[in-house]
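Lettering of chains follows the sequences in order, A, B, ..., and the numbering in each one begins at 1.
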Amino acid sequence: MNLLEIINLTTHFQTPDGIVQAVDKIDLSIREKETFGLIGETGCGKTVIGLTIMRLLPPTATVGGEILYNGKNLLEVSETGMRKIRGEEIAIILQNPTTSLNPVLKVGEQIAEAIRLHQGLNKHDAKKKAIEMLDSVRISSPSRRANEYPHKFSGGMKQRVMIAMGLACDPSFIIADEPTKGLDVTIKAQIVELMKEMTEHKAMLLITHDLGVAAEMCDRIALMYAGELVEYAPLDEIFEKPLHPYTIGFLNSLPKKGLVPIPGMSPSLINFPDGCRFHSRCDYATGECKQKHPDMVEMGNGHFVRCFHARS
Amino acid sequence: MFNYVLKRILQLIPALLIVSVASFSIIYFAPGDPAETICTGPDGNTNPESVEKFRIEMGLDKPLHTQYLIWLNNVVHGDLGYSFRSEKPVFEHIITAFKATLKLSIVSLVVSLIIAVPLGILSAIRQNSLIDVSCMVGASLGVSMPNFWLGLLLMLLFGVYLHWLPVAGYGAGGDIEHIILPAITLGTGSAAVTARLMRSSMLEALGQDYIQTARAKGVPEQVVIGKHALKNALIPVVTMVGLNFGYLLNGSVVVETIFGWPGLGSLIVDSINMRDYMMVQGCMIFVAVLFVAVNMIVDISYKYIDPRIHYGAA
Amino acid sequence: MAQHNNQFMDVIERFKESRSVTIGATIIVLFCLLAIFAPQLSPNNPTKACLDDRLISPFTEFRYPLGTDHLGRCFLSRLLYGTRISLMVGITVVSISATVGIILGVVSGYYGGLPDALIMRLVDATLAFPSIFLAVAIAGILGQGLVSVMIALVVVDWTKYARVVRGSVLSLKEKEFIESARSLGATDLHIMARHILPNIVAPIIVVATLGMAYVILSAAALSFLGFGPQPPTPEWGVMLNAGRVYMRTEPHLTILPGLAIMAMVLAFNLLGDGLRDILDPKRSVIE
Amino acid sequence: MLEVEGLTKYYPSGVIRKQYAKAVDGVSFKIGKGKTLGLVGESGCGKTTIGRLILRLIEPTAGKVLFDGIDLLALKRKELRAIRSRMQMIFQDPDSSLDPRMKIGTSIAEPLKLQGATPKDKIGQKILELVETVGLHPEHINRYPYQLSGGQNQRVVLARILAMNPDLIIADEPTSSLDVSVQAQILNLMMDLQSTFGHTYLFITHDLDVVRIMADHIAVMYLGRIVEIGKTHDIFNGAKHPYTHALLSAAMMEPAAGQRERVILKGETPGPTDIPAGCRFHTRCIRREEICMLKDPETVEVGDGHYVACHFV
């Protein structure tokens with residue numbers, strides 16, 4: 001059963017330089033209790049997908065397509081209805097915990113706020129619950145810490161607070177946007193461990209550029225390039241049988257896999273090249289790739305790829 | 001915290017010393033011999049004998065640095081000398097004038113905040129709307145308007161043509177009718193500055209990531225603005241109140257002169273025109289110490305407003 | 001962003017987009033033209049008194065389009081010549097205080113240590129006085145005249161530049177490109193001239209433009225209070241002060257000079273605010 | 001080529017009670033000519049400070065830096081300026097490494113002009129050569145840094161450095177702000193340049209996977225001190241310090257790696273102002289015993305050029 005189903009989703013931004021097609025005709029579905037990894041490099045549009053699901057986009061954005069959550073199209077829900085869903089049913093852990101916590105509100109209050117809003121607890125009980133949440137994300141002496149301001153917390157601890165805040169109302173679906181960005185290696189390992197444990201029975205969309213983190217946490221992985229998905233498959237398939245040249249190139253450019261670079265740069269989201277968006281950087285590109293835009297095709301085993309040459 | 005206050009006070013000492021030297025030297029830069037200047041009666045006559053007596057009495061025959069130290073010692077003990085016009089202690093005059101200035105400043109400050117803060121917030125949340133544009137045009141005009149001109153125009157309209165309010169004067173201890181026009185004149189500039197600052201800091205706060213966090217929690221938009229954004233946006237505005245005090249003191253020079261308000265501003269202008277240099281000297285050092293103290297208090301009080309500021313070792 | 005190979009063109013592009021820059025710059029250009037061509041545009045000698053023609057109202061006599069003041073001097077001519085004085089005071093004070101402030105600010109920020117401590121204490125001491133109080137005291141002691149007003153304003157104004165420049169230099173010093181210039185073996189002088197100065201031009205331009213507004217307004221205030229130039233000089237603040245006696249019967253003597261001051265100050269404020277938005281590092285061409 | 005001995009930098013703090021932040025606390029290592037030493041550690045461990053100390057961009061509190069046999073810390077300002085051209089640094093953030101108001105070409109020309117060895121009329125040609133060497137197009141010469149991507153700017157930085165023809169290059173996290181595919185491009189370029197020009201590298205990073213490919217030797221830092229140093233192969237196959245173990249196991253990859261044993265450190269790194277007594281790692285160490293809290297461990301040699309500072313080796 002799919003908890004979330006995204007059909008033909010398009011998010012465009014109006015800017016002075018032209019229309020930024022951050023998300024372009026994306027289809028994907030997330031099952032219950034599944035962790036789905038969305039991987040891509042800077043500026044490929046992956047963060048926008050999370051914000052689109054939450055309907056947290058600036059007014060310059062136009063969205064098309066459908067986002068079905070439990071069969072209900074989130075793009076048609078009223079703003080009030082959406083407010084009830086945010087935090088209670090779907091939570092997002094935004095990237096960059098340092099700027100995502102309000103500097104002038106106490107940490108406990110920031111967690112308790114969501115609890116008060118959605119669960120109708122009074123101030124005292126909500127605070128007690130907030131302290132429990134801090135404890136569950138392993139923050140030592142949580143009742144003292146709840147009364148402190150965010151600047152007293154280290155980067156790793158702020159990320160724990162963000163996780164506690166996201167999970168405070170026990171949502172059934174979590175979007176985590178680059179939860180380990182900027183953290184030291186040993187702290188990153190702690191956070192990954194914590195998130196695995198805390199979200200075991202929840203569905204999650206993990207947005208990241210870090211394949212290692214995705215490999216640790218995800219059941220399925222999708223790769224995003226220039227506003228569209230180019231490949232998605234169960235975790236093992238991606239690592240053992242990558243089919244799209246971008247996926248192969250991405251894997252090979254990792255230091256562990258020999259540091260073989262992909263030549264060139266990603267295109268800007270304003271003008272895409274004709275044909276396959278990857279053709280100018282691709283070793284396998286043929287005349288067909290320069291003219292026609294490939295569709296997503298299933299290769300069996302739930303493995304989808306957007307490439308004319310995937311079978312060969 | 002204690003360390004910080006101590007450090008701030010220690011930092012002020014060199015600046016205050018320079019201030020004191022500057023104020024002390026006013027008498028020496030003033031045209032004419034200070035003793036003669038001081039002993040010149042309102043009729044313009046000087047008595048050489050009394051000048052000589054005064055010289056010795058005031059220690060003016062001693063070397064300059066000794067004179068300075070004597071003077072500084074007196075100042076520290078609150079003795080700013082005597083006004084030659086009234087022959088009363090300078091300090092007494094200053095305190096009386098300061099009370100009038102304080103009254104005027106507080107009323108202007110309150111008026112300007114009441115107008116500026118809500119308008120600034122409204123402009124920010126309705127960015128580029130008619131309200132926003134007209135507020136900001138108004139603010140630009142307010143900042144650029146010479147306050148002596150505004151004062152005269154208000155006087156002309158409400159005092160001369162409409163007879164609603166007294167044209168000038170202090171009334172019986174600065175009563176309501178008398179304070180309205182000078183307070184509006186004085187408050188306009190700071191209201192304009194505050195409204196712009198309120199708007200821009202609100203806009204900045206609304207663009208921060210934590211606003212997104214609050215919305216993602218399902219917090220209603222009024223609460224996002226009223227709690228999450230406003231608390232942050234007010235910090236620079238409160239800082240401004242400290243700066244505003246300097247702004248108001250500056251404005252008081254002109255506004256008090258126009259409206260005949262017997263505060264520090266008109267005191268210093270009158271004293272200069274009357275060549276009452278002891279008084280000028282006293283005013284300068286008083287105003288400087290006052291201004292520095294206010295700035296320091298504002299600085300320290302940030303700690304209570306902005307939890308991000310550490311007053312630690314660094 | 002449009003890919004100009006020229007930063008200058010990018011900035012020009014943004015100038016055109018900014019309404020406040022357009023309006024401000026237009027008014028300033030107009031005032032400059034009025035100042036330059038004041039002799040040609042003035043119908044009469046601005047300082048020539050004619051007691052027979054005292055206190056003529058505007059638009060009543062062809063000879064005096066905007067009427068005359070209490071000494072029978074042509075008010076339009078006086079206003080036109082006043083443009084010259086205000087602009088001259090503004091430019092002189094701003095250029096002197098900016099030069100002093102930039103030099104001291106760069107030295108203070110770049111070298112730190114003792115020079116920094118000395119300069120900053122001097123700044124602290126100057127800022128310990130509310131600026132108009134200090135200016136009034138200085139101008140009052142130096143005696144009436146345009147020069148004392150200008151000296152007083154320079155004494156007050158230089159700190160602004162010193163502080164802005166010092167702050168910018170301190171934050172630039174943290175930037176890796178300064179470190180890398182040092183590791184290329186560049187001398188301090190080379191770094192200051194080639195890397196630091198070009199990068200602080202933007203904030204200085206903004207401060208100087210807003211500084212023009214401040215100086216013009218303050219000079220008018222000091223003149224209004226009687227510390228400025230002596231009577232025949234057509235200075236707006238002086239004219240306003242002279243006119244207030246006749247406020248009841250001839251309000252134009254008060255209103256017109258005030259409007260002129262406000263228009264000029266507003267123009268510089270608009271230009272400065274617009275420039276600040278354009279040159280703001282957060283959205284600047286250096287992204 | 002480079003020999004560092006007991007390098008130390010304390011930052012004083014506190015108005016009344018003097019405290020010291022021990023950013024770098026007695027660090028020693030050597031790098032042979034044409035070799036690469038990878039300096040690995042987490043944020044705040046002092047690795048970045050070391051790079052700047054070697055170039056004397058900041059003055060060390062104590063210690064010795066020998067560059068090609070010359071004691072850098074004994075040099076006067078002028079002599080230092082002359083020798084600095086032989087040591088260059090590449091920084092983490094390519095965008096702030098270039099003067100935003102200078103065109104790319106001007107930036108690359110600056111070192112040539114400062115050095116004065118290239119005749120004026122040859123400078124243009126030399127710039128073209130350099131631009132080509134680092135894989136940029138000649139059309140980039142007239143652009144400004146904000147018009148290029150992070151990876152391209154990092155290439156410009158490399159071109160500038162090549163213009164100086166240095167012996168030693170200190171690379172401070174040169175790719176940590178770049179995407180993996182771009183990181184691979186830059187690292188490959190750096191390795192190519194090294195094999196062409198014979199540069200010596202001090203490669204500072206938090207990423208063990210990167211140094212595994214780049215470095216001949218690896219030094220692992222924790223709170224201002226090197227806790228383990230050795231040949232890359234020895235560190236990856238026979239790490240002795242528990243902190244190195246933790247770093248190695250925290251580097252994640254691939255589901256196929258199987259359920260290998262994962263060491264997850266508890267807690268966070270203390271700040272440089274309150275370095276724990278005894279072994280500075282004891283607060284987070286899984287092998288901690290009483291002695292660790294009492295005694296700072298000596299650095300002992302456990303193999304050919306492999307040194308470890310731990311009581312249990």
Q) Between atom CD of A:E79 and atom CD of B:E221, what is the distance when rounded to the nearest 0.5 Å? A)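 A:E79 atom CD to B:E221 atom CD measures 7.5 Å (nearest 0.5 Å).
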Q: To the nearest 0.5 Å, tell me how far A:I92 CD1 sits from B:Q212 CD.
A: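 Nearest 0.5 Å value for the CD1-CD distance: 7.5 Å.
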[X] atom [atom1]: more than 12 heavy-atom contacts under 6.0 Å:
X: A:R144; atom1: CZ; value: yes
X: B:K99; atom1: NZ; value: no
X: A:K196; atom1: NZ; value: yes

Is the closest side-chain heavy-atom distance between [X] and [Y] below 4.5 Å?
X: A:E113; Y: B:H228; answer: yes
X: A:R83; Y: B:R215; answer: no
X: B:D209; Y: A:L94; answer: no
X: B:K217; Y: A:M165; answer: yes
X: B:T213; Y: A:M162; answer: yes
X: B:K227; Y: A:L105; answer: yes

Q: Under 4.5 Å, counting heavy-atom pairs only, tell me which of A:P97, A:A168, A:A114, A:P103 racks up the most with chain B.
A: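 When all of A:P97, A:A168, A:A114, A:P103 are compared, A:P103 has the most.
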Please flag which part of [X] lies under 4.5 Å from any non-hydrogen atom of chain B: side chain, backbone, both or neither.
X: A:L101; result: backbone
X: A:E109; result: side chain
X: A:R116; result: side chain
X: A:Q110; result: both
X: A:L51; result: side chain

(Q) Less than 4.5 Å to any heavy atom of chain A: does that hold for the side chain of B:I211, its backbone, both, or neither? (A)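 Neither part; nothing is under 4.5 Å.
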Q) With chain A, which of B:A205, B:P220, B:A214 has the greatest number of heavy-atom pairs at distances under 4.5 Å? A)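 Greatest number of close heavy-atom pairs with chain A: B:P220.
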